[in-house]
Number of protein chains: 2
Amino acid sequence: MGANSLTLESLEIIDAIVRRGSFAAAAKELGKVPSALSYTIGKLEERLEITLFSRHGRKSVLTPAGKMLLTEGRKLLSARSHLEQEVRRVATGWETRIRIALEAIQDCTPLLRAIKQFTDEHPAIEVHLNEEVMGGTWESLSQDRVDLIVGATHPIPQSQGIRTEPYKRNQAVIAVAASHPLGQFWGKVSRGELSKHRQVIIHDSSIIEVPRSSEMYSENRRFYVGNMAQKIQAQRLGIGFGTLPYEAIKPYLASGEMKILEVEGANNAFDSLIAWKVANQGKGLKRLRELLLSPEASDPQASFSY
Amino acid sequence: MGANSLTLESLEIIDAIVRRGSFAAAAKELGKVPSALSYTIGKLEERLEITLFSRHGRKSVLTPAGKMLLTEGRKLLSARSHLEQEVRRVATGWETRIRIALEAIQDCTPLLRAIKQFTDEHPAIEVHLNEEVMGGTWESLSQDRVDLIVGATHPIPQSQGIRTEPYKRNQAVIAVAASHPLGQFWGKVSRGELSKHRQVIIHDSSIIEVPRSSEMYSENRRFYVGNMAQKIQAQRLGIGFGTLPYEAIKPYLASGEMKILEVEGANNAFDSLIAWKVANQGKGLKRLRELLLSPEASDPQASFSY
DNA sequence: TATTATATTCAAATAATTTGAATAATTATG
DNA sequence: CATAATTATTCAAATTATTTGAATATAATA
């Protein structure tokens, strides 16, 4: 039973096999030949004295031990690539990759404009952009899944080592399709009336943290969508009501397709933030923040888009 | 700049070099020859495009990047050996984590006593305990969110692969605060009378399955609470009536703060169960069940608590 | 200054991995 | 139900990676 026989390469192989569903497909992905994978897995199983795949003929399925090795091993793999990144950053001062999460309520064009400028300046730096929602946005930062979050909303989670900077003022409104029953109301709509109708909600991408559903009108039926673009279209089609960024639905308001509902305590403007970890001293991150907060980035000429 | 060129072996080598103070000494420790270490380090530096050791003649010292690689890399190394160890435990039938849901009506002390014994025997196994209610308890098991449910009540959902074992006999009573209007009745209380008052209900933690509200007196107003402790306090304060475990409110009955209502078809004793998945053959789970059902665990000395 | 210990380089030796063909087992397909 | 198509494994051969030990250079030590 050899100690420390588990290599990262064998973890990569197990990961690929499970992701692709077969040794053959994994081999193709890894630029190898299936027998090479058999060899590596066989060797690992032999040295660990543990069966990782239970072979049912040509179909191999992970044993419980294998399953556990994979889930934990994936963390090890991502820790490795994260460490490589950090080492490069310490060595050069510049990161090789910057990961950004954009809060779903935000227009992506100002950010994309800043990224465009940034990638022109630094062609060697990879930029990853993802959309996150509510708690998920903050969580992605605190769990180090991203380096910068853009357009996140209050409350700021009281987590050590997070720095914030104001980003922009947002205007959120509760809106429905003009054809929706709620669209027939004149004047104020009570919350009681709202609760009779279906609410469209973006599924909070947060996995572990406390739910921070800021806009839950309890009791009523809900419809969950995956991102803001879907939410807007769902509401435009009259599936339900919900809070939307004013800027995003302006065209539909102008065309009369959608209507703003007057609800007490809603439709307020609020401030959004950008945030990052103090520990992250990357020059690329710093430059990107500058570009993002510079006046040119927030040029309001173009149309709203996700 | 090859990605993922950092191997655990090279980390072991760097670690040994720094611990031993020289390539030569490290080579001796690792059963290799110094030039082999030079080769590995050289290759890593080349693929990372980063100098890890700054060579001052025959003395090599870590660069800042190298230092950071070592401190973080050591964590990777220990994570690897920890993972290997855990995989071995799983392979031999011992799980690394056992998740338990306790039905809210149950006193938690017998379970905690069993868990205490269990964690003493198996310090490496993590135990997670949650309180669930009604359908939520069964659901957490059938959805594999927990490995064992304790004190669940009939009916047993007809789901394949669930094994049960009798746990204990419970006595549930409908009770109110002595100051509550219903507390003024003498003798039997009709269901019609009950329905004029507010009922305190623990919010069913079930998400998808059919509501199994075994105790719904329709029509009447309700007050929802999150757990049994809140429910008892709510009823003690006279907010409403509801079914409570007899053992839990004994002190309040004795002090005259609360009163049992005589309602036809209510206040019965019933049997509760523990349940798990047949597929789950974990040795830890088996042992925990033994401890839980052994006579010592159900020692009725201590007071009731949640 | 001479001595000793050390890291590196290099060609040769060795070990590890990869390959491709053969085989056996299984699933998909007509 | 038989046939074709996939698939994982095994094995010997080929290839690649690593290790070795000698040669060399460098710096610390006596």
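The shown structure was predicted, so the numbers you read here are calculated from the model rather than taken from an experiment. In what follows, chains carry the letters A, B, and so on, assigned in the order in which the sequence lines appear, proteins first and then strands, with residues in each chain numbered from 1. Reckoned from all heavy atoms, side chains included, excluding hydrogens, waters and symmetry mates.
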Taking all non-hydrogen atoms of both residues into account, name the closest pair between A:I50 and A:A65 and its distance. CG2-CB, 4.1 Å
Between A:I17 (CD1) and D:dA8 (P), how many Å, whole number? 8 Å
I need the CZ-P distance between A:F23 and C:dT19, as an integer number of Å. 16 Å
Could you verify whether a donor N or O on one side chain and an acceptor N or O on the other, from B:Q85 and B:R88, lie under 3.5 Å apart? no
Note: for A:P34 and A:H56 on DNA chain C, the residue whose nearest nucleotide lies more 5' is A:P34
What's the shortest heavy-atom distance between B:R89 and B:E95, and which atoms? NH2-O, 3.6 Å
Once you round it to whole Å, what is the distance between C1' of C:dT9 and CZ of B:R55? 13 Å
Whole angstroms only, please: what is the CZ-C1' distance between A:R20 and D:dA8? 18 Å
Strictly under 4.0 angstrom, non-hydrogen atoms only: write out the protein contact profile of nucleotides 13-19 of chain D, one letter per nucleotide from the 5' end, B, S or -. ----SBB
How are the rings of A:W94 and A:H122 set relative to one another: parallel (under 30°), tilted (30 to 60°) or perpendicular (over 60°)? tilted
What's the shortest heavy-atom distance between B:W276 and B:D147, and which atoms? CB-O, 3.4 Å
A:L30 CG to C:dT17 C1', in whole Å, measures 14 Å
Quick check: closest heavy atoms across A:L48 and A:S5, and the distance to 0.1 Å? CD1-OG, 3.7 Å
Between D:dT9 atom P and A:E46 atom CD, what is the distance in whole Å? 14 Å
Nearest-Å distance, CG (B:L44) to P (C:dT8)? 13 Å
